2 protein chains.
Amino acid sequence: MAAGKSEDIALAVSTVIFALHAEAPQARPSLHLPLVRRIREPFAGRWALPGGPLLPQEGLSAAAARNLQQTTGLRPGYLEQLYAFGDPDRSPSAGRMVSVVYWALVHADAVTDTSSDDNVRWFAADDLPSLAFDHNLIVEYALWRLRNKMEYSRIAHAMLGETFTLSELRQVYEAVLRKPLDPANFRRQVEASGALVATDSVVTGGRHRPPRLYRYNDAVDMTDNGPLTDIPQHPPPHAADSADLPDPTDPTALNDPTDRSNL
Amino acid sequence: MAAGKSEDIALAVSTVIFALHAEAPQARPSLHLPLVRRIREPFAGRWALPGGPLLPQEGLSAAAARNLQQTTGLRPGYLEQLYAFGDPDRSPSAGRMVSVVYWALVHADAVTDTSSDDNVRWFAADDLPSLAFDHNLIVEYALWRLRNKMEYSRIAHAMLGETFTLSELRQVYEAVLRKPLDPANFRRQVEASGALVATDSVVTGGRHRPPRLYRYNDAVDMTDNGPLTDIPQHPPPHAADSADLPDPTDPTALNDPTDRSNL
DNA sequence: ACAAAAGTGTTTAGACTACACCCATGC
DNA sequence: GCATGGGTGTAGTCTAAACACTTTTGT
């Protein structure tokens, strides 16, 4: 591309990973996210978002998925680019740094799986310590984006298993949006959207009428990202690092090399 | 930040610039955007989005505003980060390149101002030639984002002057959304939003009732970008390169250095 | 029987659409 | 006067919120 060399501008990819977790067994679940303890200056000892440099032959979303895998051992249920941060002052006492940040949703059971590690810990999303760099602001923005997207998109199932009840799905919405939803109206809305398919099974064992299990309808595109078609949504069979296109669902993703060195 | 060096990954910033322009004097205006002719390989001779490398002490949005200034001679009426493109294959026969792309709105009269230049030309947004790199896809995505944002945000005034009639404002919406709007209902909607302030002046000279002039209400935040507060919206007095925070209005902008080299 | 959650039905308020209609100006 | 767009009024449609009510299980 013959664009000017990036001089001393380093490029990194970080990921904000959300999962639902209930502190007490029967308590309402809330949003949690994993942070990693920094071992170098600046901000040594502080908690920070998982991330690191981009590998030479790796796409941006692939790097984010790798962050996720290395931090939680999981594949993303949903993954979308959040923003590129490049303020000249964002990295004190270190060189200039531009970070492309992704956000992801994973299944709830991820939270306990990795809590044994001492350098990785899950925190409640609305009760974070003071993080390294501008990561507090990043998480705030990721939360804002998640809440917005939850209202007009159909990504909640990414925080659940293959099948789920409408109650479970509603709990995801309630936890993210932090407000109770009418079960009756919620049912009608998701049924009208066509995003779910009823299975034949029900869940017995509760001391009440057994709820039906639903499955996500893959025929429906849940993310309205326009012309973009990002990637490792669900387990994409073997398309390892096929695409780095931005997520076409929300106004944030699109893939294009905009090099222009003339002018 | 002690993150791995970016090896050979170059970083560039490009900008998709939109303005309204009517081919014929009395024809309906349509979206146009300026492109720049490449003078180097790859894609020498092809049209491409204005852009270039990021300067060492320059914020991302400042670089986008500089693109805009150098291409059109104007300051952005609205500027927002679009997406970061980093597919490994996006730059044939050149090194790895990651581009952070912005999109902008400018006043309509910009179109004719620069059409004399031979290396910069304005094109109708829905009738572009085959561009360099993946720039066709980028423009498609920028258009999709603009159209989405136009429906739930109040950015249309960025394509007009300081004062404007409701007809002019409606024409912006009609050109972007490509469908006619009911003048009566349009009026009620914008009046109910509180985004506009009526002035005392009217426009005489038309062969019909003189329409009232309106001004944008700065007290209302028109861009719902959450916790982000980007920047060079209107002429920000002298805040040259103050902020590089992502635009908090739409689900795309947030500023944060996500360096993480441990793990 | 009773509690509790699943699931259905109904009423109402607000938002948006369509379109009829009046107003003010230039010619 | 009449054409043209500015501006107001109003009835019909659609959606979503609120909430009463019925169903089905476990204990």
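Every chain is numbered from 1 and lettered A, B, ... according to where its sequence line falls, protein lines coming before strand lines. What you see is a predicted model, and the numbers here were worked out from it, not measured in a lab.
Taking atom CG of A/Leu213 as the reference point, atom P of C/dA6 lies 12 Å away to the nearest angstrom. Following rounding to the nearest Å, B/Arg28 (CZ) and D/dG5 (P) show an atom-to-atom distance of 11 Å. Between the P atom of C/dC19 and the CG atom of B/Leu181 lies a distance of 15 Å, rounded to the nearest Å. Distance B/Leu196 CG to D/dG7 P: 12 Å, rounded to the nearest Å. Between the C1' atom of D/dT15 and the CZ atom of A/Phe186 lies a distance of 17 Å, rounded to the nearest Å.
Ring pair A/Tyr214/A/Phe164: centre-to-centre distance not below 6.0 Å.
Contact check for B/Pro180 versus B/Glu174: side-chain heavy atoms found under the 4.5 Å cut-off. Taking 4.5 Å as the limit, every side-chain heavy atom of B/Leu82 sits out of range of all side-chain heavy atoms of B/Tyr102. The shortest side-chain heavy-atom distance between A/Arg154 and A/Val220 falls under the 4.5 Å cut-off.
Looking only at distances, a side-chain donor or acceptor of B/Thr72 sits under 3.5 Å from a matching main-chain atom of B/Leu74.
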List every contact pair, protein side and nucleotides 21-24 of chain C side both N or O, where the distance is under 3.5 Å.
from, atom 1, to, atom 2, distance (Å)
C/dA24, N3, B/Arg209, N, 3.3

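In summary, of the residues considered (A/Ile155, A/Ile17, A/Leu31), a side-chain contact (heavy atoms from CB on, under 4.5 Å) with A/Leu105 occurs for A/Ile155 alone.
Pairing each heavy atom of B/Arg147 with each of B/Val176, the nearest pair is NE-O, 2.8 Å.
Here CZ of A/Arg212 is found 12.5 Å from CG of A/Leu196. Values are rounded to the nearest 0.5 Å.
Within residues 166-177 of chain A, the residues that have a heavy atom under 4.0 Å from DNA chain C are, in order of number, A/Ser167, A/Arg170.
Ring-plane geometry between B/Phe123 and B/Trp47 is classed as perpendicular, the angle between the planes exceeding 60 degrees on a 0 to 90 degree scale with a lower cut at 30. Between B/His157 and B/Tyr216, the angle of the ring planes stays under 30°, which puts this pair in the parallel group of the 30/60° scheme.
Salt bridge annotation for A/Glu162-A/Arg215: present, with a cationic side-chain nitrogen under 4.0 angstrom from a carboxylate oxygen.
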In 5'-to-3' order, the base (B), backbone-only (S) or no-contact (-) status of each nucleotide in nucleotides 8-18 of chain C, using a 4.0 angstrom heavy-atom cut-off, is BBB------BB
